[in-house]
> 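This is the structure I have questions about; it appears just below.
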Amino acid sequence: MHATWAVVFFLLFGFNLPKAKGNCYLEKSQEHCVCSLLERINIQTLLHCLQATTYELRGGNLKQFAVFSIIHTSPELIQYILGGVKVCKLIFTNLIVPEVLLPTAMQFAASFPQVSELEFINCTFVKSADQLDTDGFDLKVSSLHFHKVMAAPLDDRVDISSLRSWLETLENLSVTESEVTSIPCKISTVLRALRFLDLSGNRFQDQGIEKSFCKGAFPQLQVLKLHGNNLTSYETVCQTLAHLNQLTHLDLSQNDFVPELVSSPCLWPPSLRVFNLSSTGFEHIDRSLPPDIEILDLSANHIFTLDLSIPGLKELYLSHNRLPSIPSVKGLPSLEVLSLDHNQLSQLPTEGLLHLKNLHSLKAGHNLYNCSCRQTIKEIQDLATSKALLPDWPHDYICSSPLDYQDYVLNEVPLSSLQCSRAAMLRQGSGATLLTYLPLVLSLLSLPAYRTQPIVL
Ligand SMILES: *[C@@H]1O[C@H](CO)[C@@H](O)[C@H](O)[C@H]1NC(C)=O
Ligand SMILES: *[C@@H]1O[C@H](CO)[C@@H](O)[C@H](O)[C@H]1NC(C)=O
Ligand SMILES: *[C@@H]1O[C@H](CO)[C@@H](O)[C@H](O)[C@H]1NC(C)=O
Ligand SMILES: *[C@@H]1O[C@H](CO)[C@@H](O)[C@H](O)[C@H]1NC(C)=O
Ligand SMILES: *[C@@H]1O[C@H](CO)[C@@H](O)[C@H](O)[C@H]1NC(C)=O
């Protein structure tokens with residue numbers, strides 16, 4: 001399937017307005033009216049829907065939908081009937097849409113300026129033999145969504161230039177789970193007002209991204225979602241998106257980035273504030289990150305060590321990794337939210353964390369807590385109770401050792417029975433070396449009682 005062309009096709013589609021046939025009822029709220037094409041006409045039910053602003057047409061084949069032949073013969077009548085309806089959004093679900101209906105449908109759509117949002121869910125667009133005539137429509141739709149749609153390749157059956165003035169004003173576009181591999185450059189560069197683009201769950205590979213984000217593509221883009229595609233090169237994605245200087249939000253989660261040799265690291269757009277690298281296969285973060293991000297999601301990777309320095313970072317998500325100890329937070333002074341749950345932490349030392357003045361939420365349940373030491377438990381209890389930092393306390397904090405307390409909830413371990421000393425704690429802590437004990441040794445040496453004695457080291 002020429003999935004590339006699917007996008008072109010959808011963009012050109014415009015819309016059909018369902019009315020006057022099928023059973024209609026209000027769903028979800030008073031604002032949302034659903035009409036089923038599979039049932040018999042019932043004009044009465046349509047009256048229930050007069051106050052709705054969202055209309056959904058669900059199930060069947062649009063070919064059977066008489067309204068389109070009425071448009072040909074009597075467009076004024078249709079306009080008269082629908083003149084009082086305050087519809088803003090149209091949704092088409094589970095439909096077969098013959099391409100031949102498009103020109104009529106678009107003509108129809110153009111006469112309803114208050115409709116600004118169109119959505120197609122699980123629709124199949126069926127190819128027609130003729131050239132599609134798309135001349136002379138003035139659509140006002142600013143948000144267009146396609147989810148799980150299928151279409152035949154458009155090839156040269158449509159002249160894009162006739163839709164240019166509409167495409168140039170489109171602000172929101174999503175094409176999700178539709179097996180799309182790229183967007184033709186001639187479309188990307190026309191989408192000059194686009195701010196929000198969701199391409200999640202498609203088949204974009206690195207080359208597809210390079211083609212779609214060609215020079216001059218999407219100059220106003222602010223939010224880009226590419227999760228669940230087939231991207232593999234972090235560098236290529238960075239270089240390809242580097243020119244998007246309005247981009248604030250980038251979601252690359254659920255792609256499988258492979259390690260690569262990087263000679264000159266790429267620079268991400270400095271405007272980026274939210275960056276999602278969840279489920280991307282990272283073992284450590286040795287690549288360039290955007291400098292001014294405020295929210296970074298690194299959850300569900302294989303990260304074992306981490307040393308970040310991002311002064312403005314407010315939220316850091318590290319759930320579902322392999323961290324054996326808390327990563328250094330020295331370079332993250334603005335941190336407000338930190339998640340460390342589902343890792344391999346055996347303790348949660350407070351020092352360091354308490355220097356984070358703005359920290360108000362720390363999720364650290366589902367780790368491998370070692371409950372041998374009173375100190376370990378007291379520190380976690382302190383974070384939970386006096387600092388009120390742990391939203392997942394106490395049920396998610398389970399001891400994994402020693403055997404006696406395995407599967408105990410941390411706050412149910414009888415503290416009085418624990419023997420472990422501070423020194424044992426330090427030995428157990430990560431990276432404890434002789435240096436750790438040096439202050440202890442020195443403080444012994446400087447006790448007044450020893451001072452009078454000459455010290456020979
Ligand atoms: C998608 O639409 C087709 C009809 O075009 C329908 O048979 C099918 O059940 C729909 N799938 C879902 C998941 O609703
Ligand atoms: C575009 O989509 C986003 C997210 O769904 C929404 O918040 C925003 O209001 C939309 N903008 C327009 C112009 O429809
Ligand atoms: C793309 O990803 C999907 C699921 O994420 C996978 O099933 C498919 O095999 C991948 N295709 C290629 C060409 O890598
Ligand atoms: C990142 O993406 C994952 C899914 O891919 C989602 O569950 C998560 O909420 C996102 N993180 C943020 C901070 O938006
Ligand atoms: C738990 O801590 C104790 C005391 O420091 C130590 O002896 C023991 O080896 C630790 N257990 C595990 C599984 O790390």
> With no hydrogens and no angle check, do the side chains of Glu379 and Thr350 hold a donor and an acceptor under 3.5 Å apart?
yes
> Just by distance, with hydrogens left out, do Ser278 and Ser299 show a side-chain donor and acceptor under 3.5 Å apart?
yes
> In sequence, state the C-alpha distance, the side-chain angles, and the governing distance for Phe204 and Thr181, and then conclude on side-chain contact (heavy atoms from CB on, under 4.5 Å).
CA-CA 4 Å; Phe204 281 85; Thr181 54; over 6 Å; no
> Verify whether one side chain among Asp341 and His366 offers a donor that lies under 3.5 Å from an acceptor in the other.
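No, no side-chain donor-acceptor pair sits under 3.5 Å.
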> Are Glu210 and Thr236 linked by a side-chain donor-acceptor pair shorter than 3.5 Å?
no
> Can you confirm whether the side chains of Ser339 and Ser319 place a donor and an acceptor under 3.5 Å from each other?
yes
> Could you go through the side-chain contact (heavy atoms from CB on, under 4.5 Å) check for Phe92 and Cys123 one step at a time?
CA-CA 7 Å; Phe92 301 84; Cys123 289; 4.1 Å; yes
> Nearest heavy-atom pair of Lys186 and Val190: which atoms, and what distance?
O-CG2, 3.1 Å
> Are the side chain of Asn367 and the backbone N or O of Ala364 linked by a donor-acceptor pair below 3.5 Å?
yes
> Is it the case that the side chain of Ser212 and the backbone of Ile183 share a donor-acceptor pair, with hydrogens and angles ignored and the cut-off at 3.5 Å?
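Judged by distance alone, yes, a pair lies under 3.5 Å.
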> When you measure from the side chain of Asn255 to the backbone N and O of Leu231, does any donor-acceptor pair fall under 3.5 Å?
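Yes; at least one donor-acceptor contact below 3.5 Å.
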> Which pair of non-hydrogen atoms, one from Asn229 and one from Gly201, has the smallest distance, and what is that distance?
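The answer is ND2-N, 3.9 Å.
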> Under 30°, 30 to 60°, or over 60°: which ring-plane class applies to Phe120 and Phe146, parallel, tilted or perpendicular?
parallel
> Consider only side-chain N and O atoms of Asp392 and Tyr397, and report whether a donor and an acceptor are under 3.5 Å apart.
yes
> So, applying side chain to side chain contact (heavy atoms under 4.5 Å, CB included) with Leu316, which one of Ile295, Val337, Leu308 is it?
Leu308
> Under the 3.5 angstrom rule, does the side chain of Asp396 hit a backbone N or O of Gly365 as a donor-acceptor pair?
no
> Heavy atoms only: give me the nearest Gln347-Thr376 pair and the separation to one decimal.
CB-CG2, 3.6 Å
> How far apart are the closest heavy atoms of Thr189 and Ala217, and which atoms are they?
CG2-N, 3.9 Å
> Check whether any side-chain N or O of Asn321 sits under 3.5 Å from a backbone N or O of Leu298 as a donor-acceptor pair, and report yes or no.
yes
> Does Asn343 reach the main-chain N or O of Leu323 with its side chain, forming a donor-acceptor pair under 3.5 Å?
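Yes, Asn343 side chain to Leu323 backbone: donor-acceptor pair under 3.5 Å.
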> Distance alone, cut at 3.5 Å: any donor-acceptor contact between the side chains of Asn94 and Asn122?
yes
> How long is the gap from OG1 on Thr176 to NE2 on His227, to the nearest 0.5 Å?
8.5 Å
> Would you tell me whether Glu56 and His32 have side-chain atoms, one donor and one acceptor, within less than 3.5 Å of each other?
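Present: a donor and an acceptor within the cut-off.
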> Does Leu252 reach the side chain of Phe257, with side-chain heavy atoms less than 4.5 Å apart?
yes
> Mark yes when over 12 heavy atoms from residues, nucleotides or ligands other than His355 sit less than 6.0 Å from its NE2; otherwise mark no.
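Count not over threshold, so no.
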> Whether the Ser174 and His145 side chains hold a donor-acceptor pair (N or O, under 3.5 Å, no angle test) is what I'd like checked.
yes
> Quick check: closest heavy atoms across Glu235 and Glu260, and the distance to 0.1 Å?
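Heavy atoms of Glu235 and Glu260 come nearest at N-OE2, 3.2 Å.
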> If you measure only the distance, is there a donor-acceptor pair under 3.5 Å linking the side chains of Ser334 and Asn358?
no
> Please report the closest heavy-atom contact between Leu267 and Ala242, naming both atoms and the distance.
O-CB, 3.6 Å
> Checking Arg273 against Asp292 for the side-chain contact (heavy atoms from CB on, under 4.5 Å) test, could you report, in this order, the C-alpha distance in whole Å, the side-chain angles of both residues, the deciding distance, and whether it holds?
CA-CA 6 Å; Arg273 295 292 177 271; Asp292 296 320; 3.5 Å; yes
> Are Leu410 and Ile398 side-chain neighbours, meaning at least one heavy-atom pair lies under 4.5 Å?
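Of all side-chain heavy-atom pairs linking Ile398 with Leu410, none is under 4.5 Å.
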> Using atom types as modelled and distance alone, determine if a side-chain donor or acceptor of Ser271 lies under 3.5 Å from a backbone N or O of Leu247.
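Side chain of Ser271 to backbone of Leu247, a donor-acceptor pair under 3.5 Å: yes, one is there.
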> Verify whether one side chain among Asp206 and Thr232 offers a donor that lies under 3.5 Å from an acceptor in the other.
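Present: a donor and an acceptor within the cut-off.
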> For side-chain contact (heavy atoms from CB on, under 4.5 Å), just list the numbers for Leu173 and Phe196, CA-CA rounded to whole Å, side-chain angles, deciding distance to a tenth of an Å, and then say yes or no.
CA-CA 6 Å; Leu173 173 64; Phe196 178 98; over 6 Å; no
> Do Leu277 and Tyr317 make a side-chain contact, defined as non-hydrogen atoms from C-beta onward lying under 4.5 Å apart?
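Not touching, per the 4.5 Å side-chain cut-off.
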> Quick check against the 3.5 Å criterion: does Ser178 have a side-chain atom that pairs as donor or acceptor with the backbone of Val149?
yes
> Under the 3.5 angstrom rule, does the side chain of Tyr234 hit a backbone N or O of Ser288 as a donor-acceptor pair?
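Yes, because the side chain of Tyr234 sits within donor-acceptor range (under 3.5 Å) of the backbone of Ser288.
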> Between Phe213 and Phe218, what is the ring plane arrangement, given parallel below 30°, perpendicular above 60°, and tilted in between?
tilted
